Amino acid sequence: MMLLSTHNLTRRYAGLVAVDAVRLEIPEGGIHAVIGPNGAGKTTLFNLLTGIVPPSEGGIVFDGQDIAALPAHRRAALGMARTFQNIRLFSSMSVLENVLTGLHPRLSVGPLATVLRLDRFRAEEREAVASAKAALAMVGLAMEENAPADALSYGDQRRLEIARALVAAPRLLLLDEPAAGMNPAETAALADLVRRIAVGGTTVLLVEHDMGFVMELSETITVLNFGRKIFAGTPEQVRAEPAVVEAYLGARLAAKLRAQAEAQHGQ
Ligand code: ATP
């Protein structure tokens with residue numbers, strides 16, 4: 001069975017179809033990727049899957065349930081977690097506190113119990129801190145738990161975001177360009193972390209421009225171009241597919257022509 005699937009998933013903006021009738025199929029377990037040239041619709045697809053933007057058309061089924069109409073926090077409670085392309089941390093809060101914010105959709109006690117500090121709240125708080133510490137250990141930040149988030153290096157801030165996404169033990173983790181801005185050593189450590197997450201039983205879906213990273217890690221790759229799915233297959237199949245090569249070369253050529261036109265315009 002598929003853990004996540006979409007049919008006819010479409011998102012229109014004025015005069016533009018950012019995601020165009022996409023049928024996505026992500027099996028349970030392992031690491032999967034969505035790739036495509038700039039503007040292909042990858043981030044919009046993630047925003048549709050996680051409930052940040054509503055679809056114009058189409059359905060999304062997660063773990064057998066139609067979730068297309070559910071708000072983001074309900075999807076999170078069902079076991080979906082994500083990181084963003086741009087780091088979104090609470091910079092002056094501690095590393096541990098940042099991870100604890102990832103548990104919000106899962107906490108069961110209401111605000112009254114929190115205010116009264118009832119026993120059940122205290123027990124839940126203890127468990128929450130234990131889960132947060134385990135998530136920090138998983139990403140290699142156990143020693144940093146009391147540091148303010150903005151004291152961490154760029155690579156460590158990205159790992160902290162992953163810890164925050166992992167703390168609620170999601171079934172599906174969506175990573176939006178996790179390797180962006182990382183140096184080769186950080187990227188290698190990230191690849192190792194993503195593998196360990198998948199081995200731990202969380203299915204991973206990533207959007208990433210670093211092709212080496214994608215090809216090395218992914219079991220399946222879905223390729224988008226101009227909002228449409230143009231291919232899906234294994235890394236070997238994707239590498240050998242002329243339509244994929246053409247989409248990338250076409251995008252590169254278009255960028256080159258644009259740069260030339262701008263240079264001429266500037267003269
Ligand atoms: P990149 O690799 O550059 O991050 P992407 O594949 O993630 O690109 P999207 O960011 O999903 O692509 O954008 C797809 C298309 O939809 C682009 O043409 C973009 O300009 C457009 N788009 C995205 N969000 C909006 C919005 N809120 N309003 C209007 N157009 C949008």
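Note that ligands are numbered from 1 as they come in the structure, with each ligand's atoms numbered from 1 the same way. By convention here, the first residue in the shown sequence is residue 1. If you're wondering where the values come from, they're calculated on a predicted model, not measured in any experiment.
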| query | Among the clusters formed by ILVMFWY side chains lying less than 4.5 Å apart, do F213 and M182 turn up in the same one? | reply | yes
Go ahead and list the nitrogen or oxygen contacts between ligand 1 and the protein that come in under 3.5 Å, distances to 0.1 Å, or just say none.
from     : atom 1 : to   : atom 2 : distance (Å)
ligand 1 : 2 (O)  : K42  : NZ     : 2.7
ligand 1 : 2 (O)  : H209 : NE2    : 2.8
ligand 1 : 3 (O)  : N38  : ND2    : 2.9
ligand 1 : 6 (O)  : A40  : N      : 3.1
ligand 1 : 6 (O)  : G41  : N      : 2.9
ligand 1 : 6 (O)  : K42  : N      : 2.9
ligand 1 : 6 (O)  : K42  : NZ     : 2.8
ligand 1 : 7 (O)  : T43  : N      : 2.8
ligand 1 : 7 (O)  : T43  : OG1    : 3.0
ligand 1 : 8 (O)  : G39  : N      : 2.8
ligand 1 : 11 (O) : T44  : N      : 2.9
ligand 1 : 11 (O) : T44  : OG1    : 2.6
ligand 1 : 12 (O) : G41  : N      : 3.2

| field | All side chain to side chain contact (heavy atoms under 4.5 Å, CB included) counterparts of V245, not counting sequence neighbours | value | L249
Quiz: residues 192-199 side-chain donor-acceptor pairs under 3.5 angstrom, not counting sequence neighbours:
from : atom 1 : to   : atom 2 : distance (Å)
D192 : OD2    : R196 : NE     : 3.3
R195 : NH2    : E216 : OE2    : 2.7
R196 : NH1    : M138 : O      : 2.9
R196 : NH2    : M138 : O      : 3.4

| Hydrophobic cluster of M93, others only, ordered by chain and residue number, side-chain cut-off 4.5 Å | F90
| message | What's the separation between atom OG in S91 and atom CD in Q157, rounded to the nearest 0.5 Å? | response | 8.5 Å
| request: With salt bridge (Lys or Arg N to Asp or Glu O under 4.0 Å) as the test, would you mind laying out the steps for E57 and R11 before giving the verdict? | output: CA-CA 7 Å; E57 261 178 65; R11 174 68 202 193; over 6 Å; no
